[in-house]
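Because the structure is predicted, anything quoted here is derived from the model rather than measured. Just so we're on the same page: letters track the sequence lines, and every chain starts at 1.
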2 protein chains.
Amino acid sequence: MAKTGKPPATQDKLDFPRPLTMVDVVIFAVMESRLQVLLVKRPDAPGEPYPGLWALPGGFVDVDRDESLEACARRKLREKAGVEAPYLEQLGSWGGVSRDPRGWSATHVYFALIPSEHVMPQKGANAAEAAWFTLQEFDGRSRLAFDHMEIMQAAVTRLRNKVEYTSLPAYLLPEEFTLSELQRMYEVVMERPIEKSAFRTRVLSSGLVEPVRKMREGPNRPAQLYRLADPVHPVVFTRTIKTRTD
Amino acid sequence: MAKTGKPPATQDKLDFPRPLTMVDVVIFAVMESRLQVLLVKRPDAPGEPYPGLWALPGGFVDVDRDESLEACARRKLREKAGVEAPYLEQLGSWGGVSRDPRGWSATHVYFALIPSEHVMPQKGANAAEAAWFTLQEFDGRSRLAFDHMEIMQAAVTRLRNKVEYTSLPAYLLPEEFTLSELQRMYEVVMERPIEKSAFRTRVLSSGLVEPVRKMREGPNRPAQLYRLADPVHPVVFTRTIKTRTD
DNA sequence: GTAATAGTGTCTATGAGACAATATCGT
DNA sequence: ACGATATTGTCTCATAGACACTATTAC
């Protein structure tokens, strides 16, 4: 920030054109053993760009209602997905002259992980059409509105990178879960199997989880249920889960 | 982005108040074996917030001159530090009602690493007062304008985290450097000594650097000079440099 | 020779990866 | 007992960390 930039040196220093400011959210959940993203359909109303195309849930910052960018993101999350996400992190921002036909715009993008249990009645509060898409559905053909394809890819990349050395997949599960279920979340996100024994040692010795006095019953040996020891702070491991063979 | 938010449902859908949009840059360099940050002094002119306080270099996005956020950041970098940074990454964005007395504002923050050789004639192009500060100078007492203290801390945290598993410190050096010099950069950023032998193995086996047919001469045994094998892409290691003892 | 820094080697500890063995449930 | 999944154990390998040793320059 600092001093006024180059804009017209009028008497009123704030009297120069301002970019549009928005917030978008990339919401991930795992359903049917697949990583999925929530998208909403662009309205057909006149003046609306990219009518009928799928887009990330989001919208303009409302200077009267939104205290901050993150508060705005949480509002979008509530409105579009009807959830309080257990994990929300800022992904980055995208801005420029050409990304929105309505003019110079900048969007602040957040990415959220939610347990599929929290998944919504499929319609956002404002009745906008919303749907979950697996990542495979974007191989080339389908287009998204604005630069949302690029943003979504960035979000997936970030998630896939972080999975290698953090506990993020835990936020895709309900409060209580077994180690096998946690392992499955890792495998879905990484799209490759991981070794059971090593995984258990890694998780248990990290202090990531603590056992609850309950078992998951089934048609086989019951499994110990765990919950996050510190649900607020993800764990960062000092090694990636598998030596990369770049 | 997507549909217009809650703002006044006028005929013209874009006719609602827009936040101020800016870009700030946290510029790091190592000088005198210390990690330092470039700051500029806020002007004393009437209407300018935080007059006389130190702030991150930055300013409003100029919708006529700036193609994109990153282009805007590079412009600030040129104007305030007079450099093309060999490393520039987006740090995040900060936005809300209260961070700037002039109204709802959002800043897009980048962080840059530059070799101290590139360091400037001390005055920005626009004659604004600029100076380098060591991080120690911010222990409590000194205040920065806006939320720039918080932003700077976030930048330092990001850098310190990434040093553990990336080659970022290489961008604090000139094109050609010795392994000892590289190690010194790591040590300055991490604020702890690291082991020579392990460091050399790590660096050499990673393909991070390649030798040039030159040596650094001195009052002792000459050292092999290296340069980055791929100056564009930082290397990501699969292990942190030292097991954290949290 | 000495001082100073560059560069190598050796040994240990940690934790990942592969794979096998054992445990405990419902039926 | 059988099927299925949970849980543990054993062995190997890669690499970080500690520390010592050797190498090459200027003086």
Side-chain angles (χ1 to χ4, degrees), chain A residues 33 163-167 169 173 176-187 190 192-227 235-246, chain B residues 33 163-167 169 173 176-188 190-227 235-246:
Chain A
S33 290
V163 162
E164 303 281 340
Y165 62 94
T166 68
S167 60
L173 288 170
E176 298 183 347
F177 51 84
T178 69
L179 291 188
S180 297
E181 289 163 356
L182 181 57
Q183 182 175 344
R184 223 158 287 137
M185 287 301 115
Y186 272 87
E187 291 175 334
M190 301 193 308
R192 72 163 185 260
I194 53 186
E195 216 285 317
K196 190 168 40 168
S197 175
F199 178 78
R200 297 175 72 93
T201 317
R202 184 178 168 96
V203 169
L204 290 176
S205 68
S206 71
L208 166 61
V209 296
E210 60 191 15
V212 298
R213 295 176 50 79
K214 264 186 278 180
M215 305 291 274
R216 165 92 70 232
E217 311 285 345
N220 40 39
R221 177 170 173 178
Q224 177 65 52
L225 280 170
Y226 294 87
R227 69 173 164 219
V235 167
V236 177
F237 297 96
T238 54
R239 293 205 200 171
T240 54
I241 206 167
K242 184 167 201 163
T243 301
R244 292 174 206 162
T245 48
D246 307 291
Chain B
S33 290
V163 163
E164 303 280 339
Y165 62 94
T166 68
S167 60
L173 288 170
E176 299 184 346
F177 50 84
T178 68
L179 292 188
S180 296
E181 289 164 355
L182 181 57
Q183 181 177 342
R184 222 158 288 135
M185 287 301 114
Y186 273 86
E187 291 175 334
V188 166
M190 299 192 312
E191 288 183 318
R192 71 162 185 261
I194 53 186
E195 216 284 316
K196 187 168 48 166
S197 174
F199 179 78
R200 297 175 72 91
T201 317
R202 183 180 169 96
V203 169
L204 290 175
S205 68
S206 70
L208 166 61
V209 296
E210 61 190 15
V212 298
R213 294 177 51 79
K214 264 186 278 183
M215 306 290 274
R216 166 91 70 233
E217 310 287 345
N220 41 39
R221 176 170 174 177
Q224 177 64 50
L225 280 169
Y226 294 86
R227 66 171 168 223
V235 167
V236 178
F237 298 96
T238 54
R239 293 206 200 168
T240 54
I241 207 168
K242 182 166 202 164
T243 302
R244 293 174 206 162
T245 46
D246 307 290

Side-chain donor/acceptor of B/Glu195 to base of D/dC19, under 3.5 Å: yes

Nearest listed nucleotide, side chain of A/Arg221, among C/dG9, D/dT8, C/dT24: C/dT24

What's the closest nucleotide to the side chain of B/Ala223 if the choices are C/dA16, D/dG17, C/dA6? C/dA6

Nearest-angstrom distance from the residue atom CD of B/Gln183 to P of D/dG17: 12 Å

Of A/Leu204 and A/Pro219, whose closest DNA chain D nucleotide lies nearer the 5' terminus? A/Pro219

To the side chain of A/Ser180, which of D/dA16, C/dT8, D/dA6 is closest? D/dA6

Please determine whether side chain to side chain contact (heavy atoms under 4.5 Å, CB included) holds for the pair A/Ile241 and A/Phe199, giving the CA-CA distance in whole Å, both sets of side-chain angles, and the decisive distance to 0.1 Å. CA-CA 8 Å; A/Ile241 206 167; A/Phe199 178 78; 4.2 Å; yes

Return yes if the base of D/dA14 and the side-chain atoms of B/Arg239 contain a donor-acceptor N/O pair under 3.5 Å, otherwise no. yes

Closest to side chain of A/Lys196, choosing from D/dA16, D/dT5, C/dA21: C/dA21

Of the candidates C/dA6, C/dA4, C/dG7, the side chain of B/Arg184 sits closest to C/dA6

Run the salt-bridge test on B/Glu164 and B/Arg202 with the 4.0 Å N-O cut-off and return the result as yes or no. no

With sugar-phosphate meaning primed atoms plus P, OP1 and OP2, does A/Glu217 contact a base, only sugar-phosphate, or nothing at under 4.0 Å between heavy atoms? nothing

From C/dA6, D/dG17, D/dT24, nucleotide with atom closest to B/Ile241 side chain: D/dG17

Would you kindly give the CG-to-P distance between A/Leu182 and D/dT7, to the nearest whole Å? 12 Å

Start with the C-alpha gap between B/Leu204 and B/Tyr226, add the side-chain angles, then the distance that decides, and say whether side chain to side chain contact (heavy atoms under 4.5 Å, CB included) holds. CA-CA 10 Å; B/Leu204 290 175; B/Tyr226 294 86; 3.9 Å; yes

Is it the case that C/dG9 (base atoms only) and B/Ser197 (side chain only) share a donor and an acceptor within less than 3.5 Å, ignoring hydrogens and angles? yes

In terms of the nearest nucleotide of DNA chain C, which residue is placed more toward the 5' end: B/Glu181 or A/Pro222? B/Glu181

Using whole Å, what does the distance between atom C1' of nucleotide C/dG7 and atom CG of B/Asn220 come to? 12 Å

Spacing between A/Arg192 atom CZ and C/dA16 atom C1', to the nearest angstrom: 12 Å

With distance as the sole criterion, do the side chain of B/Arg202 and the base of D/dT15 form a donor-acceptor contact below 3.5 Å? no

Considering only D/dT24, C/dT24, D/dA6, which nucleotide approaches the side chain of A/Arg200 most closely? D/dA6

Flag, side chain of A/Gln224 to backbone of A/Val212, donor-acceptor distance under 3.5 Å: yes

Mind calculating the distance between CG (B/Leu179) and C1' (D/dA23) to the nearest angstrom? 16 Å

Taking atom P of D/dT15 as reference, at what distance in whole Å does atom CZ of A/Phe237 sit? 20 Å

Just do the side chain to side chain contact (heavy atoms under 4.5 Å, CB included) check on A/Thr166 and A/Val235 with the steps written out, would you? CA-CA 5 Å; A/Thr166 68; A/Val235 167; over 6 Å; no

